[in-house]
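One-based numbering along the sequence shown. Atoms considered below: every heavy atom in the structure, side chains included; atoms not considered: hydrogens, waters and symmetry mates.
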Amino acid sequence: MAVSRRALLGASAGVGFLAACGSNTGRGEGGSGTRISQWYHQYGEAGTEQAVKRYAAAYDKADVSVQWRPGDYDRQTAAALLTDSGPDVFEGSPTLDQIQGGQVVDLTELLDGVKDDFNPAVLTPKTYDGKIWGIPQVIDMQMLYYRKSLLKDAGVEPPTSLDALVDAAKRLTTSKTKGLFLGNDGGAGVLGGTPLNAAGLQLVTEDGKVGFDDPAAARTLGKLHQLYADKSLLLGAPADWSDPAAFLQGLTAMQWSGLWALPQVKKELGDDFGVLPFPKDGPQGAPAVPVGAYGSAVSARGKHREAAKEYVKWLWVERTDYQEDFALSYGFHIPARISLAKKAAKLRTGPAADAVRFTTDHGHAQPLLWTPANQTAYQDGLSRIIKDGAHPETELRSVVRKVAAELDRVKKKS
């Protein structure tokens with residue numbers, strides 16, 4: 001699994017300066033044709049690089065030069081956008097600082113007539129001040145895998161509430177198998193705001209305020225500590241949550257992981273598994289599914305902004321065949337467009353179809369206003385609640401103060 005999957009779904013992209021990020025973008029300024037440079041992060045899936053270069057070669061209105069960027073891609077891009085030597089088109093999730101700083105181009109018009117076909121869960125974090133700053137490419141999502149035979153032997157039903165999950169994990173724990181694996185840190189790193197969403201809360205409200213200053217938040221997060229206290233959680237596994245190895249080796253009866261793991265799980269377990277969203281908690285709750293999507297964006301300092309926009313529209317709006325190919329031929333992802341996700345043959349049956357439904361019905365992405373500072377404050381508090389048994393109300397009061405101050409700061413920059 002590509003490292004970027006964890007970064008995309010586990011935390012907001014960091015912004016920083018990377019000295020010597022490289023000035024050779026491959027953009028030529030001579031000749032009669034328009035030359036556009038396009039950056040991608042380094043995918044871990046075989047064939048992806050060749051595919052995007054094939055797409056670029058098929059475009060006949062400009063000469064598109066694709067660069068595959070290994071290393072800390074988010075920092076490289078953030079630094080390059082401040083210079084005249086950066087890419088015209090780049091893959092990423094434009095940050096609030098980049099949008100407010102005028103570093104990226106408004107792409108709203110590219111979705112005229114088709115905006116409603118893009119999954120709102122991943123389009124919303126690319127929208128600011130009523131304008132769209134990135135076109136979602138594919139969706140990655142996380143869900144709960146469970147071993148049907150182990151649950152049946154223990155007389156446990158697939159859990160549809162958080163209380164049922166806590167009970168099931170305890171009943172499924174034996175001398176050889178733990179009930180649940182949420183990552184080697186007990187879930188603080190991967191779960192993020194998902195438990196809050198399951199309680200009917202948000203990280204940030206639509207009007208830019210803290211969305212979890214509510215007693216329900218403490219009650220829900222306290223239940224995550226109960227999993228830890230019951231010794232129901234697998235800790236110290238050879239591979240972390242993003243890899244299904246612990247689940248496949250029988251070290252855990254249930255594991256939180258990503259859609260990308262599904263083909264491997266299916267190959268090794270056949271039909272002896274099922275998938276679920278994170279279960280709801282409380283009377284106002286609903287199942288929750290974390291989603292993320294890199295998008296295609298245009299640099300405001302590029303010399304060919306209109307040509308770059310036209311290329312982005314061609315590739316990520318008009319060429320639906322390439323969009324489906326990119327999502328499903330070199331890995332296992334969901335197309336960002338709802339119509340494509342519904343008709344894709346690989347996503348129409350079994351757990352894959354369940355994953356599409358979960359994403360459409362229950363998907364939540366980190367909001368644009370959820371900055372790295374907010375993420376750090378919340379995740380540190382969540383870790384203390386889960387592993388140290390810190391008082392949830394006390395921890396959350398501190399987190400709410402920090403997040404509220406950060407939200408005030410970023411809104412003042414608007």
Check whether the side chains of D88 and H304 place a donor and an acceptor atom closer than 3.5 Å, and report yes or no. no
If you count the non-hydrogen atoms of other residues, nucleotides and ligands that lie under 6.0 Å from CD in E318, is the total more than 12? yes
Using atom types as modelled and distance alone, determine if a side-chain donor or acceptor of N197 lies under 3.5 Å from a backbone N or O of L201. yes
When rounded to the nearest 0.5 angstrom, what is the spacing between CG in L182 and CE in M254? 8.5 Å
Looking at S242, is its backbone amide N or carbonyl O close enough to the side chain of D240 to form a donor-acceptor pair, meaning the two atoms are under 3.5 Å apart? no
Got a sec, which residues hit side-chain hydrogen bond (donor to acceptor under 3.5 Å, both in side chains) with S339, two or more places apart in sequence or on another chain? D117
Could you check whether any side-chain heavy atom of V298 comes within less than 4.5 Å of a side-chain heavy atom of V104, counting everything from C-beta outward? no
Any residue meeting salt bridge (Lys or Arg N to Asp or Glu O under 4.0 Å) with D325, in chain and number order, not counting sequence neighbours: R54
When rounded to the nearest 0.5 angstrom, what is the spacing between NE2 in H362 and CE in M141? 10.0 Å
Return all side-chain donor-acceptor pairs below 3.5 angstrom for residues 206-216, not counting sequence neighbours, or 'none' if the list is empty.
unit_1: D207; atom_1: OD1; unit_2: T205; atom_2: OG1; d: 2.3
unit_1: D214; atom_1: OD1; unit_2: A216; atom_2: N; d: 2.8

Taking the six-membered ring for Trp, are F247 and F181 ring centroids under 6.0 Å apart? no
NZ/NE/NH1/NH2 to OD/OE distance under 4.0 Å, R384 and D380: no
Spacing of CG belonging to N119 relative to CD1 belonging to I338, to within rounding of 0.5 Å: 5.0 Å
Whether Q255 side chain and W241 backbone form a donor-acceptor pair below 3.5 Å: yes
Charged N to carboxylate O under 4.0 angstrom, K148 versus D272? no
Counterpart residues, side-chain hydrogen bond (donor to acceptor under 3.5 Å, both in side chains), relative to D281 (two or more places apart): T220, K223
Whether Y294 side chain and Y40 backbone form a donor-acceptor pair below 3.5 Å: no
CD of E157: more than 12 outside heavy atoms within 6.0 angstrom? no
Quick one: list whatever passes side-chain hydrogen bond (donor to acceptor under 3.5 Å, both in side chains) with E91, sequence neighbours left out. H41, Y43, Q137
Quick check: does any side chain N or O of Q264 sit under 3.5 Å from a backbone N or O of A261, one acting as donor and the other as acceptor? no
Pairs of donor and acceptor atoms involving the side chains of residues 343-357, under 3.5 Å and at least two apart or interchain, shall be tabulated with distances.
unit_1: K346; atom_1: NZ; unit_2: L328; atom_2: O; d: 3.0
unit_1: D354; atom_1: OD1; unit_2: R357; atom_2: NH2; d: 3.1

4.5 Å side-chain heavy-atom contact, S257 and V190: no
D129/K131 under salt bridge (Lys or Arg N to Asp or Glu O under 4.0 Å): CA gap, chis, key distance, verdict: CA-CA 6 Å; D129 198 23; K131 299 174 182 178; 5.1 Å; no
What is the distance from atom CG of L107 to atom CH2 of W133, rounded to the nearest 0.5 Å? 8.0 Å
Backbone N/O of W316 and side chain of Q323: donor-acceptor pair under 3.5 Å: yes
Quick check on K280: does its NZ atom have over 12 non-hydrogen neighbours (other residues, nucleotides or ligands) under 6.0 Å away? no
Using only atom types and a distance under 3.5 Å, with no angle test, would you say the side chain of T124 pairs donor to acceptor with the backbone of A121? no
Do the side-chain N and O atoms of D230 and Q226 include a donor-acceptor pair separated by under 3.5 angstrom? yes
Checking E306 now: which residues fulfil salt bridge (Lys or Arg N to Asp or Glu O under 4.0 Å) with it, not counting sequence neighbours? K309
I would like to know whether Q100 and Y128 meet side-chain hydrogen bond (donor to acceptor under 3.5 Å, both in side chains); could you show each step before the answer? CA-CA 9 Å; Q100 292 177 333; Y128 181 71; 3.2 Å; yes
Would you please indicate yes or no on a ring centroid separation below 6.0 angstrom for Y73 and W68? no
Distance alone, cut at 3.5 Å: any donor-acceptor contact between the side chains of E49 and Q42? no
Any donor-acceptor pair under 3.5 Å linking the side-chain atoms of D163 with those of S161? no
Counterpart residues, salt bridge (Lys or Arg N to Asp or Glu O under 4.0 Å), relative to D408 (two or more places apart): none
For the backbone of Q98 and the side chain of T95, can you confirm whether one donor and one acceptor N or O come within less than 3.5 Å of each other? yes
Pair D271 + K266, salt bridge at N-O below 4.0 Å: yes
So, using side-chain contact (heavy atoms from CB on, under 4.5 Å) as the criterion, who are the partners of A300 when residues are at least two apart? V105
Which residues pass the side-chain contact (heavy atoms from CB on, under 4.5 Å) test with N374, sequence neighbours left out? W370, T371, V403, E406, L407
Any residue meeting salt bridge (Lys or Arg N to Asp or Glu O under 4.0 Å) with K61, in chain and number order, not counting sequence neighbours: E310
Shortest non-hydrogen contact between P120 and P125, atoms and distance: O-CD, 4.5 Å
Backbone of A293 reached by a side-chain donor or acceptor of K126 within 3.5 Å: yes
So, for G134 and L123, which heavy atoms are closest and what is the spacing to 0.1 Å? O-CD1, 4.4 Å
Would one find more than 12 heavy atoms of other residues, nucleotides or ligands at under 6.0 Å from atom CG of D112? yes
For T252, is there any backbone N or O sitting under 3.5 Å from a side-chain donor or acceptor partner on T177? no
To the nearest 0.5 Å, tell me how far L234 CG sits from L251 CG. 6.0 Å
Under the ring-ring contact (aromatic ring centres under 6.0 Å, His included) rule, what do Y146 and F273 come out as? Steps first, then yes or no, please. CA-CA 5 Å; Y146 64 92; F273 77 99; 8.3 Å; no
I'd like to check the ring pair (Phe, Tyr, Trp, His ring centres under 6.0 Å) partners of Y322; sequence neighbours left out, ordered by chain and number. Y55, W314
